[in-house]
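Worksheet: the structure to be examined is printed underneath.
The structure presented is a predicted model; accordingly, all values stated were derived computationally and were not measured. Order of appearance sets the numbers: ligands from 1, and atoms from 1 within every ligand. These numbers come from the heavy atoms of this one structure, side chains and all, not from hydrogens, waters or symmetry mates.
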Amino acid sequence: MIKIEGLVFRYDGSPRDALNDISLDIEEGDFVGIIGPSGAGKSTLTYALNGVVPHHYSGNFRGRVEICGMDTAKAGPEAISKYVGSVFQDIEGQILSSVVEDEILFGLENFGIPRGEIEPRVEYALKTAGISELRHRNISSLSGGQKQKVALASIIALRPKIMALDEPTGELDPQSSRRVFETLKELNERHGLTIVVVEQKIMMLCEFAHRLVVMDEGRIAAEGPAREVLRRGGMLEEIGVNIPRIATLARKLRGLGLYDGITPLNLAEAEKMMRNGRQC
Ligand SMILES: Nc1ncnc2c1ncn2[C@@H]1O[C@H](COP(=O)(O)OP(=O)(O)O)[C@@H](O)[C@H]1O
Ligand SMILES: [Mg+2]
């Protein structure tokens with residue numbers, strides 16, 4: 001579904017590569033979480049998925065990004081947007097309309113969706129994003145978190161095969177963030193959407209993503225199921241990723257020879273770890 005091979009990208013005028021030899025395969029129906037310190041290249045990687053790189057930002061682009069068999073360097077951003085829906089980190093720059101409903105209609109009309117299909121799609125998108133009551137609101141009156149949900153609703157309406165989301169819960173409290181992730185899970189499981197999400201809330205990713213990709217200085221520093229990636233806690237701390245305290249605790253107990261089980265990803269598993277530890 002997504003195939004990245006030897007991708008290198010350096011923004012014009014930048015002294016170093018924002019992406020440095022990235023190779024990554026993402027299968028249809030995958031749910032991939034991207035973490036890494038600030039400046040690691042996470043946003044740039046999402047730009048490479050939706051064609052913003054190399055079509056919007058000029059720079060030195062090498063390697064290959066294939067989306068559903070389409071070479072993104074050759075296809076235009078519009079063709080790519082038929083497959084990839086994006087929520088950008090800079091939400092203000094993404095929203096173009098002044099009223100919520102118009103923002104969703106804008107994309108649907110641009111895509112040439114038949115009239116009869118438009119209303120059910122708008123309703124579904126608003127409901128799925130949990131903002132039905134905001135339909136007629138002026139976007140300038142919304143909070144940052146509500147705007148993030150509007151951006152999410154506007155891509156849900158377009159029914160892309162892939163969603164590339166760059167910190168979509170950055171403005172949301174933990175409870176609303178969880179609701180967004182539950183929505184993503186439903187879209188992933190029920191509709192087979194492939195999801196690539198950059199997220200700082202690592203526990204959330206551990207719970208929802210099938211796989212984590214850790215980026216550092218434009219490279220992939222680690223990749224795999226959350227549990228395996230978290231086992232390498234020392235490396236993650238070194239590059240500046242805040243790992244969950246229970247994973248650090250498991251690593252320390254392991255180092256002391258007091259525990260050799262799985263890395264706990266939630267409180268129930270942590271409790272089990274502590275109980276087993278006491279029996280040792
Ligand atoms: N528009 C731009 N022009 C020049 N350099 C940029 C631009 N956007 C990002 N960069 C640089 O590319 C690198 C990766 O940035 P980014 O992808 O935004 O990282 P992250 O999302 O992980 O914080 C950083 O060194 C950043 O300064
Ligand atoms: Mg970023």
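A salt bridge does not link Lys127 to Glu123: none of the charged side-chain nitrogens sits closer than 4.0 Å to a carboxylate oxygen. The residues Glu269 and Arg227 are annotated as salt-bridged, a charged nitrogen and a carboxylate oxygen being separated by less than 4.0 angstrom. A salt bridge between Lys82 and Glu78 is absent, with no side-chain N of the basic residue lying under 4.0 Å from a carboxylate O of the acidic one. Using a 4.0 Å cut-off between a side-chain N of Lys or Arg and a carboxylate O of Asp or Glu, Glu66 and Lys74 do not qualify as a salt bridge. Looking at Arg64 and Asp71, a side-chain N of the basic residue comes within less than 4.0 Å of a carboxylate O on the acidic one, giving a salt bridge. By the 4.0 Å N-to-carboxylate-O rule, Arg254 lies too far from Asp260 to be salt-bridged with it.
Annotation: the span from Leu187 atom CG to Phe31 atom CZ amounts to 9.0 Å, rounded to 0.5 Å.
Here the side chain of Lys201 pairs a donor or acceptor atom with the backbone of Thr169 at under 3.5 angstrom. In this structure, Asp90 contributes its side chain and Gly93 its backbone to a donor-acceptor pair below 3.5 Å.
Less than 4.0 angstrom separates atom 22 (O) of ligand 1 from at least one non-hydrogen atom of the protein. Distance remark: protein heavy atom present below 4.0 angstrom from atom 2 (C) of ligand 1.
The protein atom (non-hydrogen) at minimum distance from atom 18 (O) of ligand 1 is Ser43 CB, 3.7 Å. Given atom 19 (O) of ligand 1, the protein heavy atom at minimum distance is Gly41 N, 3.1 Å.
Which of Tyr11, Tyr47, Phe9, Tyr57 comes nearest to atom 5 (N) of ligand 1 through a heavy atom is settled by distance: it is Tyr11. The option from Asp90, Asp17, Thr44 that lies nearest to atom 17 (O) of ligand 1, judged by heavy atoms, is Thr44.
Atoms of ligand 1 lying under 4.0 Å from at least one heavy atom of Ser38, given by number and element, are 23 (O). Close approach of ligand 1 to Pro37 is summarised as follows: ligand atoms under 4.0 Å from at least one heavy atom of the residue are 22 (O). Within ligand 1, counting atoms from 1 as listed, the ones closer than 4.0 Å to a heavy atom of Ala40 are 19 (O), 20 (P), 22 (O).
For ligand 1, the polar-atom distance check finds an N/O of Gly39 within less than 3.5 Å of one of the ligand's N/O atoms. Where the criterion is an N or O separation shorter than 3.5 Å, residue side chain and backbone included, Ser14 fails it with respect to ligand 1. For ligand 1, the polar-atom distance check against Lys42 finds a nitrogen or oxygen pair separated by under 3.5 Å.
Rounded to 10 degrees, the OE1-metal-OG angle spanning Gln89 and Ser43 at the Mg ion (ligand 2) equals 80°.
Taking a 4.0 Å cut-off on heavy atoms, Arg16 registers as neighbouring ligand 1.
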